[in-house]
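Take a look at the structure set out below.
No experiment lies behind these values; they were computed from the predicted model shown. Labels below follow one simple rule: chain letters A, B, ... track the order of the sequence lines, proteins then strands, and each chain is numbered from 1.
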There are 2 protein chains.
Amino acid sequence: MEGVFQDQKTYEKMDPEQIVYTVQAWLPVPEGTPGGLFFGTTKLMPGKVGNEYFMTKGHFHTLSDRAEFYWGVQGKGMLILMDGERNTWAEEMCPGSLHYIPAHVAHRVANVGDSTLIFGACWPSDAGHDYTKIADYGFSARILEIDGKSVLIEE
Amino acid sequence: MEGVFQDQKTYEKMDPEQIVYTVQAWLPVPEGTPGGLFFGTTKLMPGKVGNEYFMTKGHFHTLSDRAEFYWGVQGKGMLILMDGERNTWAEEMCPGSLHYIPAHVAHRVANVGDSTLIFGACWPSDAGHDYTKIADYGFSARILEIDGKSVLIEE
């Protein structure tokens, strides 16, 4: 998770064994198959790096017009979305919430609660993951804890 | 649901207001959009027509290589699958079960329990529904109650 969080000094002091999130996925067809689907479950631990909540790395899809569904299963999260013009917005995730991630929109999730966040996902098997754009340029906003509240702050 | 069940005489005597199933779907992009996804929830009532459980009509996808996920939420069901060579098989559905419907495979669900069956679904927005092949030729097997058990019986 090097370079993901804003407060790199605090990040470097963290236990390197600390797990931020795990993903279980069912890939019933080979990656890249047109017309197929993949299904995953992500467990995102509660915690912060400085005042920034634990979150996933975030990605665009390699075939950038491929959409995805996320849905909340357990815990309290924020789905952070950014379009190709770097406009960033967020949606609250809770058990039963359903989120459509449209074509050409990068997505990451922050755990803003104090228990493990679990969410489901379904995406096309030919979507692919492009992590490089986010690794290089990040999102244009972050979810930070300010006065005990989770707030989307533009950089 | 005319013509769906084996025992048409019993079907004709049923209350015409009887609801067998309802579908709620979220279609965030126009039908036919490549790369998008749709999300649905189906409620399938408990009941039988003769010794055949209430079930959905069943369909292939119009773009027949498009896959789909179903997952059990509540109740007890059987997912009936048939490939292009009319080989038919079935998978048990229960809360938490996850089912991949591969390319070129028709699918329908029977409620084999005594409470409402609820299942979720996610499918590509350009898949489309082809009900005509099933309306004309049916599946090659049916789930019937025999001696109190649900059994897949070839026709």
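Residues B:L117 and B:L144 are members of separate hydrophobic clusters, defined by side-chain heavy-atom contacts under 4.5 angstrom among Ile, Leu, Val, Met, Phe, Trp and Tyr. Cluster membership for B:L27 and B:V29, using ILVMFWY side-chain heavy atoms within less than 4.5 angstrom, is shared. Under the 4.5 Å side-chain contact rule for hydrophobic residues, A:F39 and A:W123 share a cluster.
The 12-atom threshold is not exceeded at CG of B:D114, counting heavy atoms of other residues, nucleotides or ligands nearer than 6.0 Å. For A:E155, the CD atom sits in a packed shell: over 12 heavy atoms of surrounding residues, nucleotides or ligands are nearer than 6.0 Å. Annotation for A:D15: atom CG counts as buried by contact number, over 12 foreign heavy atoms lying within 6.0 Å.
Of all the heavy atoms in A:C122 and B:C122, the pair that sits closest is SG-SG, 3.5 Å. A:Y100 approaches B:G36 most closely through the heavy-atom pair OH-CA, 3.2 Å. Between B:P124 and A:G35 the shortest heavy-atom distance is CG-O, 4.2 Å. Taking all atoms of both residues into account, the shortest heavy-atom contact from A:F38 to B:F69 is C-CE1, 3.5 Å.
Side-chain rings of A:W71 and B:W26 stay apart, their centers remaining 6.0 Å or farther from each other.
When heavy atoms are compared at a cutoff of 4.5 Å, B:L63 does not approach chain A at all.
Summarising the geometry, atom CG belonging to B:L37 is positioned 9.5 Å from atom CD1 belonging to A:I101; distances are rounded to the nearest 0.5 Å.
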